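Reminder, nothing fancy here: chain letters follow the sequence lines and each chain counts from 1. Predicted model only: the values in this text are computed from it and were never measured. Below, all heavy atoms of this structure are taken into account, side chains as well, without hydrogens, waters or symmetry copies.
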There are 2 protein chains.
Amino acid sequence: MSVKEVLLRVPATCRPTSRDREKHELTESIEEYTEGIFRLQEEIEVVSTGDIAKYMGVAPASVTTMLKRLVEIGLVEHIPYQGVRLTTKGEQLSIALLRKHRLVERLLVDFLELPWEDVHDLACKLEHYISEDVASRISKAMGHPSTCPHGNPIDVTVGDGSKRLADCIEGEELTVAKITDERLEFLTYIMQIGLLPNTPITVQSRTPFGDVLSLDVEGIEGTIAIGRDVANSVWVFGRG
Amino acid sequence: MSVKEVLLRVPATCRPTSRDREKHELTESIEEYTEGIFRLQEEIEVVSTGDIAKYMGVAPASVTTMLKRLVEIGLVEHIPYQGVRLTTKGEQLSIALLRKHRLVERLLVDFLELPWEDVHDLACKLEHYISEDVASRISKAMGHPSTCPHGNPIDVTVGDGSKRLADCIEGEELTVAKITDERLEFLTYIMQIGLLPNTPITVQSRTPFGDVLSLDVEGIEGTIAIGRDVANSVWVFGRG
DNA sequence: AACTATTTTTAGCTTTGGCTAAAAATAGTT
DNA sequence: AACTATTTTTAGCCAAAGCTAAAAATAGTT
Ligand SMILES: [Mn+2]
Ligand SMILES: [Mn+2]
Ligand SMILES: [Mn+2]
Ligand SMILES: [Mn+2]
């Protein structure tokens, strides 16, 4: 038997994408939708098709199609025209994904020293390709961290007791807990104004309807003024 | 503006798969084929549609379709009914992918302590999702290794001076260089017979047509007999 | 209650990347 | 040279996951 024949009898273990996928296996898209619905459910009572479409950046019609698939797999319950709710299976998948995502972020930032504001997008991809076992090994190697580099909990089933900065009042002394908007541009801004997790801050003033908060941020000169949107995506612990 | 409205104005940065992909972006499949052709070219003169089909575990018709795409992107030259050749672009892509693959394997084995025989498949997936920058950071963090855990070179442009164990003669004193068949079952067997990279071995005997080699393997009791297929996938350095 | 506006779903289209079966090209043999 | 066998390509199909435009359902207003 020639070398060539031997070579061809040893196929590349890595086969093209869709080949090995059996019907209704969990794809990246399916997982991403499930995770998205989970995040929405954390904030709003009943999640609608339109909410998901806006949140995922996708046409409502695409959501309807995907919901059918998610129902078939048993990840969500869907009452047409009414709304959507994750099943236990869907919740568990989301919890596992969020854990993988945040552990990967820790590896990327703490071990590989990738920029803090950059890693979210990469983690969002990798989370779908690593097993529970790999996640556990990352956890072990990184000393079992409890949050991602942006302060978000690796185990979402345990509350952290933080509140929105938007809900804080004049004079409160706080510590930044987590940043929930992890888009690159947002995190870049957050870094500029020094609101990294664990940073002590004080609310200097708050306008009547809470449109603007003025903050004293440790390590930053002068006073920082932030708007509602920002204050809603920054969560804090009470201090003192 | 309500919390809900704010939430929906902050879309999940992670959008469903195909959404952000523009036409003819390099997909996982495209990369996998390119890499496969590269590996085939290392061994055989002219690579045919059938070779690729066998090697990738795919129908010949699928290869023809994909070749059209690869030509269009400029990764290969294809003369119908004749054969295929990677362009410089295709070679460079392959070199970059192999580097990513093998660096990821190092991270998985050396830092995360995943089993040596297990990591190939995972690396095969992850290689398509990490940037050159991430690869470089892995390289740095792992002390700039020159091979993957199975001995295969991270920079394939530099030769390592190894030869096939199948081409060795009676009495030769050797050191295992690399295992080129990285399928789980094969590596599991290799581990059982102790042929890990860097292991010193001696060829005790060789049958007339080289069908069977009997080896003395350091750390393993008695003599190990291996066949042609195995001896073709194990590469060695001369010792002495 | 009737009309209008919004939301959701349906219908039908697209790309990627597989597949099988049939047709065409190449190679091998008498 | 002609026939046969093998290889490659073409043709036509499928699933996933997007899209737009039209239809249907729900909600809001007079
Ligand atoms: Mn993701
Ligand atoms: Mn994070
Ligand atoms: Mn791969
Ligand atoms: Mn390897």
Paired to C/dA2 by Watson-Crick or G-U wobble criteria (both distances under 3.5 Å) is D/dT29
Whole-Å distance, A/I30 CD1 to D/dA17 C1', equals 10 Å
Partner of A/H150 under side-chain hydrogen bond (donor to acceptor under 3.5 Å, both in side chains), picked from A/H120, A/K178, A/E105, A/E117, is A/E105
* Asked: Ignoring hydrogens and geometry, is there a side-chain-to-backbone donor-acceptor pair from A/K100 to A/I130 under 3.5 Å?
  -> yes
*Respond yes when some side-chain nitrogen or oxygen of A/T64 is under 4.0 Å from OP1 or OP2 of C/dT10, and no when none is.*
no
note: B/K68, atom NZ; C/dT16, atom P; distance rounded to Å ~ 13 Å
Atom OH of A/Y33 and atom P of D/dA16 are separated, to the nearest Å, by 14 Å
Q. Quick one: is D/dT9 close enough that its OP1 or OP2 comes under 4.0 Å of any side-chain N or O from B/H78?
A. yes
A/E72 atom CD is separated from D/dA17 atom P, nearest whole Å, by 12 Å
Closest to the 5' end of DNA chain D, once A/A61 and A/P80 are matched to their nearest nucleotides, is A/A61
In whole angstroms, the gap separating P of D/dA17 from CZ of A/R69 amounts to 5 Å
* Asked: OP1 or OP2 of C/dG18 less than 4.0 angstrom from a side-chain nitrogen or oxygen of B/S62, does that happen here?
  -> no
If pairing means Watson-Crick or G-U wobble with both distances under 3.5 Å, then the partner of C/dT16 is D/dA15
- Query: Are the charged groups of B/D167 and B/K163 less than 4.0 angstrom apart, N to O?
  - Reply: no
Item checked: Side-chain N or O of B/S48 closer than 4.0 Å to phosphate OP1/OP2 of D/dT7 -> no
Checking C/dA24, D/dC19, C/dG18 against the side chain of B/V58 (C-beta onward), the nearest is C/dG18
Taken to the nearest whole Å, CD/B/E32 to P/C/dG18 is 10 Å
To the nearest angstrom, the CG-C1' distance between A/L70 and D/dA17 comes to 12 Å
When rounded to whole Å, the CD to P distance for the pair A/E31 and D/dA17 reads 11 Å
Hey, is the side chain of A/T65 poking within less than 4.0 Å of OP1 or OP2 on D/dA16, counting only N and O atoms? no
In A/E35, A/E43, A/E42, the residue satisfying salt bridge (charged side-chain N to carboxylate O under 4.0 Å, His left out) with A/R39 is A/E35
Exercise. Taking 4.0 angstrom as the limit, do A/D133 and A/R137 come out as a salt bridge?
Worked result: yes
| request: Determine the contact category for A/T49: base if any of its heavy atoms lies under 4.0 Å from a base atom, sugar-phosphate if only primed atoms, P, OP1 or OP2 are that close, otherwise nothing. | output: sugar-phosphate
Does OP1 or OP2 of D/dA16 have a side-chain N or O of A/S29 closer than 4.0 Å?
no
